[in-house]
Amino acid sequence: MNTFSRTAITLSCLLVLAACNKKPPEEAAAPPAATEPAAAPTPAAPAEPTEEQRAAAEKQAKLDFATMEDRFLSDPKGQWATSAKASSSYGEKGDQMPKAPEASRAWKATGKVDGDGWSQLEQDVGMDWLELGYAKPVNATALRAVFTSNEAVNAITKVELIDEAGTATVVWSGVSDVKPEENGPRTWFVREFPRTEKKVKGVKLTFANPVAIGYKDVDAVQLVGE
């Protein structure tokens with residue numbers, strides 16, 4: 001055997017031995033198993049207020065109402081109606097037995113809040129309106145109607161302002177979003193609007209009687225403006 005052949009055989013043996021001794025590639029390490037997120041702790045239920053806390057909250061709510069009402073009553077820009085007329089009035093039917101002559105007629109809604117106001121004739125039929133006049137025409141910015149029957153505030157459906165020429169302009173209409181007052185004997189229906197260009201001398205309120213069945217009992221209506 002010649003030298004070339006021996007060399008070739010030797011190289012072949014070395015290659016075979018190298019292949020046998022070669023370590024297989026290590027398998028890639030498996031990613032760690034995903035862990036479930038820890039559940040958030042259940043919040044503890046709020047503790048029920050004590051009787052003392054309830055009483056304190058009720059007193060605070062009544063104080064808040066009194067503070068609001070005092071601000072309205074003492075508003076230097078507010079004035080109360082001096083005249084009134086209505087589509088109907090409680091006491092027009094004999095079976096309603098008014099307490100006194102002219103009881104609950106439209107004029108009962110004039111003047112300041114006194115707990116004695118106008119009510120309509122029928123409790124649940126059709127529409128009624130109450131129109132108020134004021135001594136000083138003003139550029140109006142708000143209206144505040146006072147209801148002694150708290151639920152009746154739901155029946156008001158339109159507010160119109162009457163200018164010096166007698167023209168009526170609707171400044172609000174729809175379904176009342178004012179909640180009946182729970183912390184005082186009256187509910188204030190308040191509507192604010194941009195300052196009128198023309199001076200206002202009157203206000204007309206319209207009621208949908210079936211929306212809040214019962215007598216409307218409008219105590220007073222305040223016009224705000226300068």
Side-chain angles (χ1 to χ4, degrees), residues 64-90 102 104-120 127-150 152-181 183-209 211-212 215-226:
D64 292 342
F65 171 79
T67 302
M68 174 203 73
E69 186 170 69
D70 182 67
R71 177 167 56 88
F72 291 159
L73 293 171
S74 59
D75 188 347
K77 296 181 181 179
Q79 62 175 315
W80 304 98
T82 55
S83 64
K85 58 184 178 180
S87 55
S88 71
S89 288
Y90 176 84
E102 298 299 313
S104 293
R105 297 296 198 266
W107 65 269
K108 306 287 280 185
T110 61
K112 296 181 179 180
V113 176
D114 60 6
D116 188 16
W118 164 86
S119 291
Q120 83 286 12
M127 312 281 277
D128 269 292
W129 54 264
L130 173 66
E131 185 175 321
L132 297 307
Y134 297 83
K136 178 185 176 183
V138 294
N139 299 106
T141 57
L143 172 134
R144 300 166 183 152
V146 184
F147 291 82
T148 52
S149 175
N150 287 343
V153 71
N154 293 318
I156 191 167
T157 187
K158 184 166 60 176
V159 174
E160 297 171 86
L161 303 181
I162 302 170
D163 63 26
E164 292 179 294
T167 302
T169 301
V170 177
V171 291
W172 174 84
S173 64
V175 177
S176 172
D177 57 356
V178 177
K179 295 181 179 180
E181 184 60 57
N183 301 304
R186 291 167 290 278
T187 293
W188 289 73
F189 175 87
V190 179
R191 279 293 174 270
E192 297 180 349
F193 36 81
R195 183 177 183 271
T196 60
E197 294 183 2
K198 295 181 179 180
K199 288 190 179 293
V200 173
K201 69 171 186 177
V203 169
K204 184 176 181 180
L205 309 178
T206 300
F207 303 88
N209 293 320
V211 174
Y215 294 113
K216 302 308 175 267
D217 296 327
V218 179
D219 188 339
V221 180
Q222 186 184 49
L223 179 65
V224 182
E226 294 180 294

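All values derive from a computational prediction rather than experimental measurement. One-based numbering along the sequence shown. Hydrogens, waters and symmetry mates play no part in the numbers below; they use all other heavy atoms, side chains included.
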Any donor and acceptor pair, going by atom type alone, linking the side chain of D219 with main-chain N or O of D114 inside 3.5 Å? yes

G202 to Y134 - nearest heavy-atom pair and separation: CA-CD1, 4.1 Å

Plane angle bin for F72 and W188 - parallel if under 30°, tilted between 30 and 60°, otherwise perpendicular: tilted

Side chain to side chain contact (heavy atoms under 4.5 Å, CB included) between T167 and K198, worked out: CA-CA 10 Å; T167 302; K198 295 181 179 180; 5.6 Å; no

Does T187 reach the main-chain N or O of F147 with its side chain, forming a donor-acceptor pair under 3.5 Å? no

Check the pair N139, T196 against side chain to side chain contact (heavy atoms under 4.5 Å, CB included), reporting the backbone distance first and the verdict last. CA-CA 5 Å; N139 299 106; T196 60; 4.1 Å; yes

Within 6.0 angstrom of K199 NZ, more than 12 heavy atoms from elsewhere: yes

Can W172 and F193 be said to form a side chain to side chain contact (heavy atoms under 4.5 Å, CB included), step by step? CA-CA 9 Å; W172 174 84; F193 36 81; over 6 Å; no

G184 to N150 - nearest heavy-atom pair and separation: O-ND2, 3.6 Å

Min side-chain heavy-atom separation I162-E131 under 4.5 Å: yes

Search all heavy atoms of T110 against all heavy atoms of T82 and return the closest pair with its distance. CG2-C, 3.9 Å

Residue among N209, V211, T206 satisfying side chain to side chain contact (heavy atoms under 4.5 Å, CB included) with M127: T206

Measuring from atom CG of L223 to atom CZ of R144, what distance do you get when rounded to the nearest 0.5 angstrom? 10.0 Å

Return the OG to CZ distance between S119 and R105, rounded to the nearest 0.5 Å. 11.5 Å

Verdict with supporting geometry, F189 and V221, side chain to side chain contact (heavy atoms under 4.5 Å, CB included): CA-CA 9 Å; F189 175 87; V221 180; over 6 Å; no

Trace of the side chain to side chain donor-acceptor pair (under 3.5 Å) decision for D128 with S88: CA-CA 7 Å; D128 269 292; S88 71; 2.7 Å; yes

Does K112 reach the side chain of L73, with side-chain heavy atoms less than 4.5 Å apart? no

Quick one, S176 with N154, criterion side chain to side chain donor-acceptor pair (under 3.5 Å). Give me CA distance, side-chain angles, the key distance, then yes/no. CA-CA 5 Å; S176 172; N154 293 318; 4.9 Å; no

Give me the atom names and distance for the closest heavy-atom approach of Q222 to G78. NE2-CA, 3.8 Å

Heavy-atom pair with the smallest gap, counting every atom of Q120 and K216: OE1-N, 3.0 Å

Kindly indicate whether the side chain of V138, heavy atoms from C-beta on, has any atom under 4.5 Å from the side chain of Q79. yes

NZ/NE/NH1/NH2 to OD/OE distance under 4.0 Å, E164 and K201: no

Look at D177 together with R191 and state whether they make a salt bridge at an N to O cut-off of under 4.0 Å. yes

V159 and L205, any side-chain heavy atoms less than 4.5 Å apart: yes

Give the minimum heavy-atom separation between E192 and A142, together with the two atoms involved. CG-CB, 3.9 Å

With under 30° as parallel and over 60° as perpendicular, where do the rings of W118 and F207 fit, or are they tilted in between? tilted

